[in-house]
There are 2 protein chains.
Amino acid sequence: MGASAAENGRAAAGEAEFLAAYDPREFPPVAVTVDIVLLTLRHGLLSVLLIRRRDHPYQGYWALPGGFADPDEDLEQAAQRELLEETGLSTFPGHLEQLRTYGRPERDPRMRVISVAYLGMVPGITRPEAGSDAAVARLWPVEDVLSDDEQVRPQLAFDHATIIEDGLERVRSKLEYTSLATAFVEEPFTIADLRRVYETVWGVELDYGNFRRKVLNTDGFVEPTGDTAPTGRGYADLYRAGRTTLLQPAMLRPDSRGR
Amino acid sequence: MGASAAENGRAAAGEAEFLAAYDPREFPPVAVTVDIVLLTLRHGLLSVLLIRRRDHPYQGYWALPGGFADPDEDLEQAAQRELLEETGLSTFPGHLEQLRTYGRPERDPRMRVISVAYLGMVPGITRPEAGSDAAVARLWPVEDVLSDDEQVRPQLAFDHATIIEDGLERVRSKLEYTSLATAFVEEPFTIADLRRVYETVWGVELDYGNFRRKVLNTDGFVEPTGDTAPTGRGYADLYRAGRTTLLQPAMLRPDSRGR
DNA sequence: GTAATAGTGTCTGTGAGACATTATGGC
DNA sequence: GCCATAATGTCTCACAGACACTATTAC
């Protein structure tokens with residue numbers, strides 16, 4: 001694509017340089033990794049997938065799943081590949097998006113490492129135990145991971161605590177203005193299932209009636225399957241995700257009412 | 001920091017490896033650059049700073065300001081440094097935030113280049129002409145940059161059209177729920193100045209009375225200086241930015257009303 | 001029967017959109 | 001005088017929060 005002629009004929013000279021590769025000595029040495037904040041609902045708790053490190057530095061510490069991006073691989077592909085490798089799943093069943101890039105010079109003691117973080121959400125079916133190594137991959141409740149209590153909090157490698165915090169903030173705010181909550185539940189789901197997602201991620205209680213009215217009045221958010229499912233006592237209508245991704249108007253988070 | 005002992009004594013062996021650097025042959029060769037989408041209001045148009053490329057590839061094409069991140073430099077620092085170098089300014093007068101990272105394997109024909117894009121907003125005082133090279137740095141109205149008309153649209157290098165589009169979408173949505181609009185005007189400013197920011201960035205007309213009520217009722221958005229300024233006909237009250245960065249409730253974009 | 005949950009409706013307050021009105025100063 | 005703009009107020013509708021009520025089923 002760059003081979004098409006440059007505009008207004010000003011780029012006449014030096015066409016031969018075009019295919020010249022960078023001289024590695026010309027630019028600073030750096031490694032690029034991807035890390036994934038994979039969130040799911042497990043036992044009614046919002047949980048994040050962590051891997052226990054085998055190697056130095058931070059040996060024995062808990063880290064986000066991730067690794068180097070291969071040379072011919074898109075970053076999102078790399079994130080997905082690493083995730084499948086470390087969970088043992090064969091296809092990625094949820095939503096994956098880029099979160100943010102972390103590049104503090106001292107974040108890895110060995111050399112300059114730039115990490116492109118991704119954020120993933122999957123229904124609560126993830127079983128890292130089924131994957132490669134049951135002893136090293138685990139789902140941690142985020143309230144424990146970010147707890148002030150050193151007894152319950154895992155030791156996190158690198159700047160992964162910051163990355164997890166940023167991921168959480170992203171998820172919490174995206175529940176407000178997108179239909180992302182549906183990525184946390186398997187289809188078909190009930191209104192109550194969806195409410196549970198909001199309540200768990202936001203850490204609040206929501207009025208069932210108002211929640212239901214809001215979801216059903218926002219068209220494209222969910223669509224009824226026509227079926228119902230027994231729910232212990234009584235039956236509940238079943239839904240699947242609609243085609244709308246942006247909620248209009250947004251779902252309001254109770255916290256944010258009082259500023 | 002990584003030097004503190006790993007938890008539960010499980011990390012006993014191999015402490016010597018800790019300081020070992022990566023072997024460069026172990027990880028894929030890659031370069032990391034930062035690119036900046038610098039937006040400002042110029043002659044009533046939302047405009048973006050572009051640099052005309054001197055070298056191949058894309059010689060003569062227009063590109064976002066940017067360059068390699070130095071080894072000991074934070075990514076945001078690198079973005080700010082590049083921006084100052086290419087505009088000739090001595091301090092950065094506005095808001096700068098990370099936008100997104102672009103890493104498609106083919107985005108640079110020479111080698112794998114990962115670009116961490118930043119988004120900057122400055123009041124309409126930027127004069128790239130005062131900077132290093134008047135012939136190569138220019139502010140382009142974004143409506144021209146992203147126009148379908150090949151006569152008015154500059155030829156953009158790499159995937160910079162995508163980056164600019166993403167930056168625009170970010171700015172437009174952040175005007176809704178943050179007080180970011182104040183980054184586009186110099187203090188003190190009038191309510192009408194602020195309204196002009198919204199109208200220009202969103203490309204809509206807003207009712208002055210409703211806009212004023214909204215801004216003044218959202219406490220912390222702006223605070224009155226007590227002064228007034230002549231505005232051609234009559235005088236207008238002057239304000240400066242308040243301490244609130246998150247608008248609660250959000251400013252509604254007229255487009256989005258009808259879905 | 002009671003308890004728990006799904007589904008539904010009602011009342012009220014907040015806030016946004018669509019105006020109208022008044023004041024000020026340049027022309 | 002006219003006109004543009006700043007500042008302010010009014011009316012109405014949409015919608016969220018609070019809460020009441022009914023139906024269904026497990027126990």
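In what follows, chains are A, B, ... by sequence order, proteins preceding strands, each numbered from 1. Quantities reported herein were computed from a predicted structural model and do not represent experimental measurements.
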Heavy atoms only: give me the nearest B/Arg195-B/Leu206 pair and the separation to one decimal.
NH1-O, 2.7 Å
Can a salt bridge be assigned to the pair B/Arg196 and B/Glu199 using a cut-off of 4.0 Å between side-chain N and carboxylate O?
no
Contacts of A/Tyr198 that satisfy ring pair (Phe, Tyr, Trp, His ring centres under 6.0 Å) - sequence neighbours left out
A/Trp202, A/Phe211
Taking the side chain as every heavy atom from C-beta outward, state whether B/Ile163 and B/His160 have any pair of such atoms under 4.5 Å apart.
yes
Specify the separation, in whole Å, of atom OH of A/Tyr208 and atom P of D/dA16.
17 Å
On DNA chain C, does the nearest nucleotide to A/Asp237 precede the nearest nucleotide to B/Asn217 from the 5' side, or the other way round? Give the residue.
A/Asp237
Quick check for you: among C/dC11, D/dT10, C/dG7, whose closest atom lies nearest to any side-chain atom of A/Arg213?
C/dC11
Encode nucleotides 19-27 of chain D as B, S and - characters from 5' to 3', where the letter depends on protein heavy atoms closer than 4.0 Å: B to the base, S only to sugar-phosphate, - to neither.
B-----BS-
Length of the CG-P vector between B/Asp227 and D/dA6, whole Å
17 Å
Give the nucleotide from the list C/dG7, D/dA6, C/dA6 with an atom nearest to the side chain of A/Arg212.
C/dG7
Taking OP1 and OP2 of D/dA16, is either one under 4.0 Å from a side-chain nitrogen or oxygen of A/Lys214?
yes
From CZ of B/Arg195 across to P of D/dA6 the rounded distance in Å is 7 Å
Should the pair A/Glu169-A/Arg172 be classified as a salt bridge under the 4.0 Å nitrogen-to-oxygen rule?
no
Give the nucleotide from the list D/dG17, C/dA16, C/dA6 with an atom nearest to the side chain of B/Leu252.
C/dA16
Compare all side-chain heavy atoms of A/Leu50 with those of A/Pro154 and state whether any distance is below 4.5 angstrom.
yes
